[in-house]
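As structure tokens, the structure follows; a few thoughts come after it.
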Amino acid sequence: MFDIVQKYSTASKIVLGIIGLTFVVAGGVVAGSGAVAGDNYLVKVGDQPVTLEKLREIAKQRDGEITDQVQKDILLALTQQAYLLEGAKRMGVVVSDEQLKKIIMQQTVFQENGVFKESLYKDYLAKNNLKEEPFLDNLRSDFSLQAVFNLIQSSQIIADSQIEQAIHLFEAPRTIRTYTFSQNQFFDKVDTSDKALQAYYDGHKKDFIQAQGLKFDFIVLNGNDVIKQIQVSDAEAKAYFDKNQANLPAKRHVAHILVAFPQGADDKAKAAAKAKAEEVLAKVKAKPADFAGLAKQYSQDPGSAQNGGDLGFFAKDGTMVKPFEDAAFSLKQGEISGLVETQFGYHILKVLEVGQSFESQKAEIVQTLQQEKIKTAVDAKKKQLVDAAVKHGGDIAAVAKESGLSVQPVGDWVTASQAKTAQMPEALQKVLFDAKTISDKKVSEPIDVGQNTYWVVQVKEVRPEAQLTLEQAKAGVKEAVLMSEGGKLAAAAAKEALAKLQKGESVDLKWSAAADLTPQQAQQTMPPEAYRALIAVSPVGGKPAYTMLPGLPAPVLVAVDKIGEASAQPELQAQMKNVLAKNQNDGTLVGLINYLKTQFQEVVGTQKLTSE
């Protein structure tokens with residue numbers, strides 16, 4: 001793709017609260033810019049029309065469904081872009097033909113051996129179905145936008161004091177105390193008379209509907225039980241090996257000696273480990289037949305040292321780290337390597353056996369044959385269940401008996417929401433609560449619920465959905481009234497207490513013990529609005545600052561007793577400067593667009609957004 005798009009893409013990305021909306025103007029990707037006839041546009045800002053065709057081209061570049069809201073978001077972004085382009089003209093930001101020519105000639109996609117070729121440029125336009133004039137207009141617009149952004153960025157000055165304040169605000173730990181106004185503190189003040197319950201019930205009937213419930217029987221076929229009965233003989237494994245030897249992966253039987261160094265070791269530590277490994281390698285070369293004994297004596301691999309460094313057989317499949325694997329498969333049988341460095345340390349390898357011997361492949365062959373036998377056995381059992389279900393479709397007990405399995409009843413009513421809350425497998429939920437399963441009340445086919453397990457179900461009783469009367473729902477209605485009204489009383493009490501505390505008045509609250517909380521911990525454990533409320537307050541004159549944390553199940557007051565110190569490391573200072581600069585840029589951009597809206601008229605055209 002035309003690399004100018006990547007280099008200057010920020011100039012044509014206007015987010016301003018639009019999530020995931022990216023449009024590219026440079027390179028002619030977006031069609032429909034330029035002059036339009038009459039009022040054949042969605043909106044027009046100054047001389048900049050925003051057309052339905054342009055919007056659709058951008059929409060096609062997005063992943064996901066093009067909803068009405070997505071179209072509105074794109075229209076907003078294009079309209080903002082139009083204001084910025086008109087603003088660029090007003091500010092005298094002009095990209096000349098000579099500048100455009102220079103930009104195009106510098107693009108490697110149009111060069112051969114570092115020299116611009118007009119034929120490559122023409123081919124690019126033809127392949128992308130682009131006309132030169134709209135292409136250049138789009139490129140000119142993109143550079144105009146980039147110039148505006150550059151002006152905004154160059155105008156931002158972030159003082160050291162701002163950085164220090166931000167670090168103090170967002171990084172320093174707080175010493176806090178909390179008090180929670182729980183609803184149950186106010187239950188005794190809530191009116192739960194029959195009249196109050198009736199009023200609440202009448203206004204919330206939809207909350208007191210008895211959901212459809214089922215009682216059902218089920219059979220479980222657990223393929224894992226079959227595994228215990230599956231055996232693979234050496235003769236079967238050998239026969240498989242003889243038949244498939246040509247297709248089996250080559251393996252190496254390797255032993256090694258490891259002289260380790262810790263992860264993240266510096267050059268000095270690595271050098272010391274290497275010197276030790278070279279000493280061991282010299283001993284190995286002097287007595288290669290004693291490799292196993294030397295491994296027991298010197299190897300620092302706890303998993304293999306006592307076995308003479310023996311790692312068994314492995315294939316070239318990524319089981320071992322690459323340098324180790326490459327070294328192993330470059331050696332012949334009986335050969336010993338030089339030092340091989342990996343992230344674990346320095347290795348000395350000895351290849352004990354090369355090839356595809358039966359013993360090197362046996363473990364994998366046995367596992368393969370076991371899986372084949374298990375699948376065959378489970379498939380046969382499933383077929384037996386299916387045949388029995390066809391034969392005894394209305395009698396799950398008969399199905400179980402013929403299949404050699406047992407029936408398990410569910411005697412309590414189970415609703416769809418309860419099944420979901422209990423994390424019943426989705427495949428089972430889908431079949432069990434299917435309208436046909438419920439109406440037919442026949443034995444289902446085996447349902448694959450994962451982990452080699454299958455269920456068969458039969459609905460026995462159905463409780464239809466029904467509106468509960470007040471009498472039937474009275475306990476639930478009372479609980480709802482207590483929680484609702486108790487919550488209102490708790491919120492009112494919390495607001496009253498906060499107002500008094502902020503005025504410096506005394507309030508009798510049993511605060512929690514003081515504890516330190518970092519902004520990072522707060523951000524991880526609190527809703528965003530509660531986090532923002534916490535970091536917005538600071539103690540003054542040695543006196544606590546008070547706030548209420550919104551977005552929590554119950555009102556919580558926080559006393560911020562003090563704010564500690566944050567270590568302003570250079571890396572953190574740089575990160576905070578970037579954050580502050582971005583915030584300033586975004587704010588300046590929004591302000592500029594709002595100003596331009598007072599300078600240029602936005603005209604609505606005849607085109608309309610469609611759901612196509």
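In this structure, Val43 and Gln607 have side chains that are not in contact, with every pair of non-hydrogen atoms separated by 4.5 Å or more. You'll find the side chain of Asp68 stays beyond 4.5 Å of the side chain of Leu609, heavy atoms only. In this structure the side chain of Asp73 reaches within 4.5 angstrom of the side chain of Gln69, judged on heavy atoms. For the pair Val456/Leu405, no side-chain contact is recorded, criterion being any heavy-atom separation below 4.5 Å from C-beta on. At a threshold of 4.5 Å between non-hydrogen side-chain atoms, the residues Asp395 and Val443 do not count as touching. Here the side chains of Lys478 and Leu197 are in contact, with some heavy-atom distance below 4.5 Å. By the 4.5 Å heavy-atom criterion applied to side chains, Phe216 and Ile396 are not counted as neighbours. Side-chain contact between Gln384 and Lys381 is present, with heavy atoms from C-beta onward closer than 4.5 Å.
Annotation for Gly213 and Thr415: closest pair CA-CG2, 4.4 Å, computed over non-hydrogen atoms. The heavy-atom pair separating Ala490 from Phe181 by the smallest distance is CB-O, 3.4 Å. Nearest heavy-atom pair across Gly605 and Lys608 is O-NZ, 4.1 Å. Considering every non-hydrogen atom in both Ala237 and Val366, the closest pair reads CB-CG2, 4.2 Å. Residues Leu557 and Ala494 come closest through the heavy atom pair CD2-O, 3.9 Å. When all heavy atoms of Pro555 and Met548 are compared, the closest pair comes out as CB-SD, 4.3 Å.
Put simply, the side chain of Ser193 never gets that close to the backbone of Asp191: no donor and acceptor are under 3.5 Å apart. With hydrogens and angles disregarded, a donor-acceptor distance shorter than 3.5 Å links the side chain of Gln467 to the backbone of Phe208. In this structure, the side chain of Thr437 engages the main chain of Val431 through a donor-acceptor pair within 3.5 Å. Between the Ser304 side chain and the Asn307 main chain, no donor and acceptor come within less than 3.5 Å of each other. One N or O on the side chain of Thr342 and one on the backbone of Phe344 form a donor-acceptor pair closer than 3.5 Å. Using a distance-only test at 3.5 Å, with no hydrogens or angles considered, a donor-acceptor pair links the side chain of Glu325 to the main chain of Gly318. A donor-acceptor pair is defined here as one N or O able to donate and one able to accept, closer than 3.5 Å; no such pair exists between the side chain of Ser299 and the backbone of Lys296. Judged by distance alone, with hydrogens and angles left aside, the side-chain atoms of Gln458 form a donor-acceptor pair with the main-chain N or O of Gly394 at under 3.5 Å. Side-chain N or O atoms of Ser403 include one that pairs as donor or acceptor with a backbone N or O of Val399 at under 3.5 Å. With Arg56 contributing its side chain and Thr51 its backbone, the two residues share no donor-acceptor pair below 3.5 Å.
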Report task. Evaluate side chain to side chain contact (heavy atoms under 4.5 Å, CB included) for Glu353 paired with Gln333, printing each intermediate quantity in order. Result -> CA-CA 5 Å; Glu353 185 178 342; Gln333 186 165 318; 4.2 Å; yes
Query - Audit row: Val254, His347, side chain to side chain contact (heavy atoms under 4.5 Å, CB included) steps and yes/no - result: CA-CA 12 Å; Val254 176; His347 306 259; over 6 Å; no
**Report entry** side chain to side chain contact (heavy atoms under 4.5 Å, CB included) between Gln520 and Gln523, intermediate numbers included
**Finding:** CA-CA 5 Å; Gln520 292 82 4; Gln523 200 164 22; 5.6 Å; no
**Report entry** Full working for side chain to side chain contact (heavy atoms under 4.5 Å, CB included) between His256 and Val340
**Finding:** CA-CA 10 Å; His256 82 134; Val340 177; over 6 Å; no
Report task. Verify salt bridge (charged side-chain N to carboxylate O under 4.0 Å, His left out) between Lys238 and Asp242, making sure each step is shown before the conclusion. Result -> CA-CA 6 Å; Lys238 185 63 167 63; Asp242 292 340; 2.8 Å; yes
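Classification of Glu57 and Lys54 as a salt-bridged pair fails, no side-chain N sitting under 4.0 Å from a carboxylate O. Salt bridge Lys383/Asp387: present, at least one basic N to carboxylate O contact under 4.0 Å.
Surrounding CD of Glu471 are at most 12 heavy atoms belonging to other residues, nucleotides or ligands under 6.0 Å away. Counting heavy-atom neighbours within 6.0 Å of Asp412 CG, excluding the residue itself, gives a total of 12 or less. Within 6.0 Å of the CG atom in Asn129, the count of heavy atoms belonging to other residues, nucleotides or ligands does not exceed 12. Residue Lys460 places its NZ atom among more than 12 non-hydrogen atoms of other residues, nucleotides or ligands, all under 6.0 Å distant. No more than 12 heavy atoms of other residues, nucleotides or ligands lie within 6.0 Å of NZ in Lys442, so this atom counts as exposed by the packing criterion. Within a 6.0 Å radius of CD in Glu479, other residues, nucleotides and ligands contribute 12 heavy atoms or fewer. By the 6.0 Å contact criterion, NZ on Lys441 is enclosed, its count of non-hydrogen atoms from other residues, nucleotides or ligands being greater than 12. Applying the 6.0 Å contact sphere to CD of Gln472 captures more than 12 heavy atoms from other residues, nucleotides or ligands.
Checked against Gln408 for a side-chain contact (heavy atoms from CB on, under 4.5 Å), the options Ile219, Asp217, Val220 give a single hit: Val220.
Taken from CE in Met424 to CZ in Phe433, the straight-line distance is 6.0 Å, to the nearest 0.5 Å. Note that CG of Leu552 and OG1 of Thr180 are 8.0 Å apart. Values are rounded to the nearest 0.5 Å. Atom CZ of Phe329 sits about 7.0 Å away from atom NZ of Lys316, to the nearest 0.5 Å. Between the CG atom in Leu349 and the CG atom in Leu258 there is a gap of 10.5 Å [rounded to 0.5 Å]. Here the OG-CZ distance, from Ser330 to Arg252, works out to 8.5 Å after rounding to the nearest 0.5 Å. Taken to the nearest 0.5 Å, the OG1 atom of Thr79 stands 9.5 Å off from the CD atom of Gln81.
Judged purely by distance below 3.5 Å, without hydrogens or angles, the side chains of Glu236 and Gln231 never pair a donor atom with an acceptor atom. In summary, the side chains of Asp194 and Gln198 do not present any donor paired with an acceptor at a separation below 3.5 Å, with no hydrogens or angles considered.
Relative ring orientation between Tyr200 and His204 is described as parallel, the plane-to-plane angle staying below 30° on a 0-90° scale split at 30° and 60°. Between Phe314 and Phe324, the two ring planes are tilted [angle within 30° to 60°].
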